[in-house]
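Once you've had a glance at the structure underneath, I'll fire off some questions.
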There are 2 protein chains.
Amino acid sequence: MTQTTTQNSAEEPFILEEFIPFKLAVLSDAVSKLIARDYSDRFGITIAEWRVMALVSQYDEVRAQTVVEKTPMDKVAVSRAVASLVDKGLLEKRTSQADRRSALLHLSAKGNTIATDIQAVAKVHNDDVLQALTTTEQAVLHAILDKLIVQARNLTQ
Amino acid sequence: MTQTTTQNSAEEPFILEEFIPFKLAVLSDAVSKLIARDYSDRFGITIAEWRVMALVSQYDEVRAQTVVEKTPMDKVAVSRAVASLVDKGLLEKRTSQADRRSALLHLSAKGNTIATDIQAVAKVHNDDVLQALTTTEQAVLHAILDKLIVQARNLTQ
DNA sequence: CGGTATTGGTTGCAAATGTAACGAAAATGA
DNA sequence: TCATTTTCGTTACATTTGCAACCAATACCG
């Protein structure tokens, strides 16, 4: 851990609500709950399932490992989301010819339709949240979040 | 839900990684895991427990309900964190004379010492993360997060 | 008052999540 | 080429979390 505290920091009162990790948790939690409820009500899927669908939709065909790399989900979470989506008939798995350990995921016709619907809803959610900001602020936010995500990854070795 | 999508949004490809709710989840998750591991290793407490300690330390004496209002934790989570802290001898509960349903929380001597230590560590974590940003960006981030937290609360009715 | 509703917090149970172990396939390398 | 290690994904088990029911105390209101 890097030492970057100022020397007079001990004198400043400690205010939890002003800590970035806390603020991020508060915000992310609020937004996630909002969205999770909506996706569950409208489409009967979880956020984890939605992430898998979104990635499969984007890349057309992905392996579970790819989902693990691109989301904050571990392989168990992905495995379970995939199983559930297959169960619901939204996703199909076919074993890769190149590597028979891994399965290639792709959306079923039904899955494709629903993915399109959710994408529209997701965009509305995104816009709803961002409505509180000016266009400039939105751009700055994106840039800052990108930097911080990189930083967080660096701090995790 | 407010309709704010632009009319040509259907033509833009959908990219999960660029959605603010997703970015926030990725970042918050990474930062939280980083911190959770550290607090657990160094002090043997969870983030939930740390939040309770921080608030009790700040306000000197609080009720469980106050913790619920100021954090993204529900009353069950707070109840359990409090029970665990009492168990560890870091927190004390005394029933309020004004309302004997509620308990007033305050730190034990040991709890106070540890709280001070964690506050220092928390500041370092905060600074470590923010190191990726300029001073201006840090200020902008705070302002934007505040706006978004308000917005998220408004969207949840 | 006296009954009903509300609030503060805990507990029990079910669902979700994380960790570790696992089997199957592929990569490594002696 | 055969033994060993690594990778892919699943499964089993333990822990955590969330929801609903709950008890106790207060507030509300006829």
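From a predicted model like this one, the values you see are computed outputs, not experimental measurements. First the proteins, then the strands, lettered A, B, ... as listed; each starts at 1.
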Original post:
Which pair of heavy atoms, one from B/Lys75 and one from B/Val68, lies closest together, and at what distance?
Top reply: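 Looking at all heavy atoms of both residues, the closest pair is CA-CG2, 3.7 Å.
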
Original post:
C/dT17, C/dA24, C/dT10: which one has an atom nearest the side-chain heavy atoms of B/Lys75?
Top reply: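 Among the listed nucleotides, the one closest to the side chain of B/Lys75 is C/dT10.
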
**OP:** Could you identify which residues of residues 45-72 of chain B place a heavy atom less than 4.0 Å from some atom of DNA chain C, listed by residue number, or say none?
**Re:**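 Those residues whose heavy atoms fall under 4.0 Å from DNA chain C, taken from residues 45-72 of chain B in numerical order, are B/Arg63, B/Ala64, B/Gln65.
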
Original post:
Out of curiosity, does A/Val140 fall in the hydrophobic cluster containing B/Val26 (side-chain heavy atoms, cut-off under 4.5 Å, transitive links)?
Top reply: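 They do share one cluster, since a chain of ILVMFWY contacts under 4.5 Å joins B/Val26 to A/Val140.
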
Original post:
If every non-hydrogen atom of B/Lys88 is compared with every non-hydrogen atom of B/Lys110, which pair is closest and at what distance?
Top reply: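 Closest heavy-atom pair between B/Lys88 and B/Lys110: O-NZ, 3.3 Å.
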
Subject >> D/dG9 OP1/OP2 closer than 4.0 Å to side-chain N/O of A/Ser79 >> reply: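 No, no such contact exists.
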
Subject >> Note: A/Lys23-B/Asp146 ion pair, threshold 4.0 Å (strictly below) >> reply: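 The answer is yes: the pair qualifies as a salt bridge.
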
**OP:** Report the nucleotide, chosen from C/dT10, C/dT19, C/dA24, that has the shortest atom-to-atom distance to any side-chain atom of B/Val76.
**Re:**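 Selected nucleotide (nearest to the side chain): C/dT10.
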
**OP:** Calculate the interatomic distance between B/Asp74 atom CG and D/dT16 atom P; express it in whole Å.
**Re:**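 It is 16 Å, rounded to the nearest whole Å.
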
**OP:** For B/Val82 and B/Lys93, work out which heavy atoms get closest and say how close.
**Re:**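 Heavy atoms only, the tightest pair is CG1-CD, 3.7 Å.
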
Original post:
Do the side chains of B/Val31 and B/Tyr39 join up, straight or via other hydrophobic residues, at under 4.5 Å, putting them in one cluster?
Top reply: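 Same cluster.
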
Subject >> Polar side-chain contact B/Arg100-C/dG8 base: donor and acceptor under 3.5 Å >> reply: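 Under the 3.5 Å cut-off, the side chain and the base do not form any donor-acceptor pair.
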
**OP:** Would you kindly give the CZ-to-P distance between A/Arg80 and D/dT11, to the nearest whole Å?
**Re:**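 Rounding to the nearest Å, CZ of A/Arg80 and P of D/dT11 are 10 Å apart.
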
Original post:
Charged N to carboxylate O below 4.0 Å: is that the case for A/Asp41 and A/Arg37?
Top reply: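 Between A/Arg37 and A/Asp41 there is no salt bridge, as every charged N stays at least 4.0 Å from the carboxylate O atoms.
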
Original post:
Nearest nucleotide by nearest heavy atom, which residue falls closer to the 5' end of DNA chain C, B/Leu104 or A/Ala77?
Top reply: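 Result: B/Leu104.
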
**OP:** Starting from C1' on D/dT7, measure out to CZ on A/Arg101 and report it in whole angstrom.
**Re:**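 Those two atoms, CZ and C1', are 4 Å apart.
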
**OP:** State which of C/dG8, C/dT10, D/dC8 makes the closest approach to the side chain of B/Lys93.
**Re:**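 When the side chain of B/Lys93 is considered, C/dT10 is the closest of C/dG8, C/dT10, D/dC8.
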
**OP:** May I have the distance from A/Met73 (atom CE) to C/dT17 (atom P), rounded to whole angstrom?
**Re:**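 Atom-to-atom, A/Met73 to C/dT17, this comes out as 9 Å.
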
Original post:
To the nearest Å, how far apart are B/Arg37 CZ and C/dT19 C1'?
Top reply: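 One finds 13 Å between C1' of C/dT19 and CZ of B/Arg37, rounded.
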
Original post:
Which part of the nucleic acid, if any, lies within contact of B/Ala83, taking any heavy atom under 4.0 Å across all strands shown: a base, the sugar-phosphate backbone alone, or nothing?
Top reply: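 No contact at all - B/Ala83 keeps every heavy atom at 4.0 Å or more from the nucleic acid.
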
Original post:
A/Gln97 CD to C/dA26 C1': how many Å, rounded?
Top reply: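 Answer to the nearest Å: 15 Å.
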
